Novice: 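Just dropping this structure here.
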Number of protein chains: 2
Amino acid sequence: MDISTILDNIYKLPEQSRLALQNNVTEIAFPKGHILLKANKVESNIYLIKKGLVRAFVDRDNEVTFWFGKEGETVLSMKSYVEEQPGYESIELLEDCELYELKTENLKKLFEQDVHIANWGRKFAEKELIKTEERLISKQFKNASERYLELMKDHPELLQRVQLGHIASYLGITQVSLSRIRAELK
Amino acid sequence: MDISTILDNIYKLPEQSRLALQNNVTEIAFPKGHILLKANKVESNIYLIKKGLVRAFVDRDNEVTFWFGKEGETVLSMKSYVEEQPGYESIELLEDCELYELKTENLKKLFEQDVHIANWGRKFAEKELIKTEERLISKQFKNASERYLELMKDHPELLQRVQLGHIASYLGITQVSLSRIRAELK
DNA sequence: TTCATTTTTTATCATTTGTTAAATTTTTTC
DNA sequence: GAAAAAATTTAACAAATGATAAAAAATGAA
C-alpha cells in the first residue's frame with residue numbers, strides 16, 4: 001500500500017502538506033516475530049503499515065491482545081504519542097512487515113506549522129476513538145459468541161491470518177472458550 | 001468551572017485562539033433528566049460542562065451507560081462530530097446542568113482556519129482515545145469486582161453522585177451483580 | 001518424510017455472572 | 001409525616017466462562 005494512499009485515507013491533504021509529511025517518512029522492514037514497540041518505554045517513532053500484520057498487547061501476568069493492525073493502519077505507542085510517557089502496549093509483528101517510519105518529534109513540529117497536517121492528526125485520533133468506543137460498547141452489549149460472529153463478519157481475513165489464541169484474547173475470552181464457541185457454531 | 005479553564009485544560013491555547021473559540025460559545029442550562037443529545041440523530045452542537053453531571057448511554061433492548069461526564073468534560077455525539085452521521089448514544093443529565101454550547105459547524109470552520117485550534121481538537125480526541133483504550137484494556141484484564149474497586153479509587157465522587165444501576169451498567173454488569181460485589185467487600 | 005513443537009480442541013469441574021422474584025431501604029410526592 | 005414510587009439488596013437457581021489437563025491436529029525443522 002502506497003504512503004500517499006495511506007495518508008489520504010485518514011484525511012485528504014493538499015499536495016504540499018502531504019509531501020511535507022511524506023518527506024519525513026522512511027521505509028523499513030522487519031521479520032515476523034519482531035517486537036516493533038516495547039511497553040514501558042517512551043517510543044519516538046510511529047509506523048504506517050505498507051504490508052503485513054501486527055498486534056498490540058499488554059503483558060501483565062497474562063498477555064492480552066487488544067488491537068490488530070494491517071495494511072494502511074497506523075502503529076504507535078499511544079501514551080508515548082500523546083503524553084510522551086512510557087506506553088502500556090507492545091507491538092509484535094505477526095507477519096513479515098514493510099513499514100513507513102515517522103519520527104514523532106518531526107510529526108509534532110509539522111502539527112505546529114501546518115494546519116492541514118494538524119487536522120490530519122485530529123482526524124486520525126477521532127477515527128481511532130470511534131473504533132475504540134464501538135468496541136467498548138460491543139463488549140458491554142454482546143456475549144463472547146456474538147463478538148466472535150461480529151469479528152468474522154467485519155474482519156474475516158483476520159481469522160485466516162491470526163492464530164486463534166490471539167483472536168480469543170482480543171475478544172476478551174480464553175482460547176478454550178473460543179474453541180468451545182466455534183464447536184457450538186458448527 | 002470557567003470556559004477558559006476548561007479549554008486550556010484540554011490544550012493550552014494562545015490568547016487570541018482561545019478567544020476565537022470562546023466567542024462561539026453560549027451558556028445554557030437544563031434540568032436533571034433532560035435528554036441533551038439523542039441517538040440516531042445528527043447532532044449539531046457540542047457542550048462543555050460548566051456544572052453538573054451527565055451520562056452517555058446506548059439503548060437497544062437493554063440500556064447501557066458507557067460514559068459519565070462532569071465539570072470540565074466535553075459532551076458530544078461522537079459519530080455526529082466525526083462523521084456527520086447519526087450517533088449511537090443519547091446523553092441524559094443526571095443533575096441540573098450549566099453548559100457551554102458550541103456549534104459543530106463553527107468549530108469545524110475554526111479547525112480549518114487556526115492551527116492552534118486544530119491542535120486543540122487533536123489533543124481533545126487523543127486524550128479521549130487514551131481514556132477509552134485504557135477502559136477497554138481494563139475490561140479485558142479485570143473482573144467485575146476489580147473494575148468496581150478501580151472506579152472507586154479513580155472516581156470516588158461518582159459513587160456519591162450516580163445511582164448504582166448506572167454504575168453497574170458502566171462496569172458492564174447487572175445491578176444485582178454489583179450489589180453482590182458490594183456485599184462481599186463489606 | 002519424520003519427529004518435535006506448537007496450536008487447537010475436547011472434557012471435566014470450579015467460579016463468575018445473569019435471571020427472576022421478593023424483601024428491604026431510600027427517595028419523592030402530596 | 002405518611003403513602004407511593006424508585007432504588008438497592010438478598011436469595012435461589014441457571015447459564016456462561018474460566019482453569020486445568022489431556023488428546024488431537026497442524027505446523028515447522030531436520
Side-chain angles (χ1 to χ4, degrees), chain A residues 31-34 53 55 57-58 60-66 68 92-96 135-152 156 158-186, chain B residues 31-34 53 55 57-66 68 92-96 135-152 156-186:
Chain A
K32 175 175 177 172
H34 179 75
L53 186 69
R55 72 178 180 115
F57 66 98
V58 176
R60 293 209 260 259
D61 25 298
N62 50 340
E63 199 179 84
V64 172
T65 298
F66 67 95
F68 295 110
E92 179 196 3
L93 307 195
L94 298 176
E95 299 174 355
D96 295 345
R135 277 189 60 203
L136 184 66
I137 292 169
S138 159
K139 191 109 205 289
Q140 258 161 336
F141 263 107
K142 296 181 175 171
N143 62 26
S145 172
E146 290 167 328
R147 293 202 302 281
Y148 173 70
L149 288 170
E150 183 180 55
L151 182 66
M152 288 226 303
L158 277 187
L159 275 288
Q160 310 308 317
R161 293 171 77 178
V162 180
Q163 63 190 49
L164 291 172
H166 293 146
I167 299 276
S169 173
Y170 177 86
L171 293 172
I173 55 177
T174 60
Q175 168 149 6
V176 174
S177 281
L178 180 55
S179 262
R180 182 161 38 201
I181 284 164
R182 285 161 56 90
E184 279 159 10
L185 291 174
K186 271 173 204 159
Chain B
K32 175 174 175 169
H34 178 74
L53 187 68
R55 72 177 179 115
F57 65 98
V58 176
D59 198 359
R60 293 211 261 257
D61 26 296
N62 51 341
E63 200 178 82
V64 172
T65 297
F66 67 95
F68 296 110
E92 179 195 4
L93 307 194
L94 298 176
E95 299 174 356
D96 295 345
R135 277 189 61 206
L136 184 65
I137 291 169
S138 160
K139 191 107 204 290
Q140 259 162 334
F141 263 108
K142 296 179 176 174
N143 63 25
S145 173
E146 290 167 328
R147 294 202 302 280
Y148 173 70
L149 288 170
E150 184 181 55
L151 183 67
M152 288 228 301
E157 79 288 357
L158 276 186
L159 275 288
Q160 309 308 315
R161 294 170 79 178
V162 179
Q163 62 190 47
L164 291 172
H166 292 147
I167 299 275
S169 173
Y170 177 85
L171 293 173
I173 55 178
T174 61
Q175 169 149 5
V176 174
S177 280
L178 180 56
S179 263
R180 182 163 37 200
I181 284 164
R182 284 161 56 88
E184 280 160 9
L185 290 174
K186 269 174 204 157

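Since this is a predicted model, take the numbers as computed values, not measurements. Side chains included, hydrogens not; waters and symmetry mates left out as well; all remaining heavy atoms used. Below, chains carry the letters A, B, ... as their sequence lines are ordered, and counting in each starts from 1.
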Novice: Nearest to the side chain of A/A144, heavy atoms from C-beta on, is which of D/dT10, D/dT17, C/dT8?
Specialist: D/dT17

Novice: Taking only N and O in the side chain of B/S179, is any of them less than 4.0 Å away from OP1 or OP2 of D/dT9?
Specialist: yes

Novice: Take the protein atom CD of B/Q140 and the nucleotide atom P of D/dT17, then report the distance between them rounded to whole Å.
Specialist: 14 Å

Novice: First locate atom CG of A/L151, then atom CG of A/L178, and finally report the distance between them rounded to the nearest 0.5 Å.
Specialist: 9.5 Å

Novice: Atom CD of B/E184 to atom P of D/dT9: distance rounded to whole Å?
Specialist: 13 Å

Novice: Identify, between A/V176 and A/K142, the residue whose nearest nucleotide on DNA chain D lies closer to the 5' end.
Specialist: A/K142

Novice: In whole Å, I'd like the distance from the CD1 atom of A/I167 to the P atom of C/dT7.
Specialist: 14 Å

Novice: Using the ring of A/Y170 (Phe, Tyr or Trp, six-membered ring only), decide whether A/R135 places NZ or CZ under 6.0 Å from its centre and within 45 degrees of its axis.
Specialist: yes

Novice: Tell me the interatomic distance from A/N143, atom CG, to C/dT16, atom P, rounded to whole angstroms.
Specialist: 20 Å

Novice: Find out whether B/V58 and A/Q140 are in side-chain contact, i.e. whether some heavy atom of one side chain is under 4.5 Å from a heavy atom of the other.
Specialist: no

Novice: Nearest 0.5 angstrom please: A/L53 CG to A/E92 CD, how far?
Specialist: 10.0 Å

Novice: Measure NZ/A/K139 against C1'/D/dT17 and give the value in whole Å, please.
Specialist: 11 Å

Novice: For B/H166 and D/dA6, give me the distance from atom NE2 to atom C1', rounded to whole Å.
Specialist: 12 Å

Novice: Just to be sure I understand the rule, does A/R180 reach a base, reach only the sugar-phosphate, or reach nothing, if contact means heavy atoms closer than 4.0 Å?
Specialist: base

Novice: Rounded to the Å, how far apart are A/Q175 CD and D/dT20 P?
Specialist: 15 Å

Novice: Output the rounded distance in Å from CG (A/L178) to P (D/dA16).
Specialist: 16 Å

Novice: Quick one: CG on A/L171 to CD on A/E150, what's the gap to the nearest 0.5 Å?
Specialist: 9.0 Å

Novice: Does a nitrogen or oxygen in the side chain of A/R182 sit under 4.0 Å from OP1 or OP2 of C/dT8?
Specialist: no

Novice: If you find the nucleotide of DNA chain D closest to A/I173 and the one closest to B/L164, which residue's nucleotide is nearer the 5' end?
Specialist: B/L164

Novice: Do any side-chain nitrogens or oxygens of A/T174 fall under 4.0 Å of OP1 or OP2 in D/dG18?
Specialist: yes

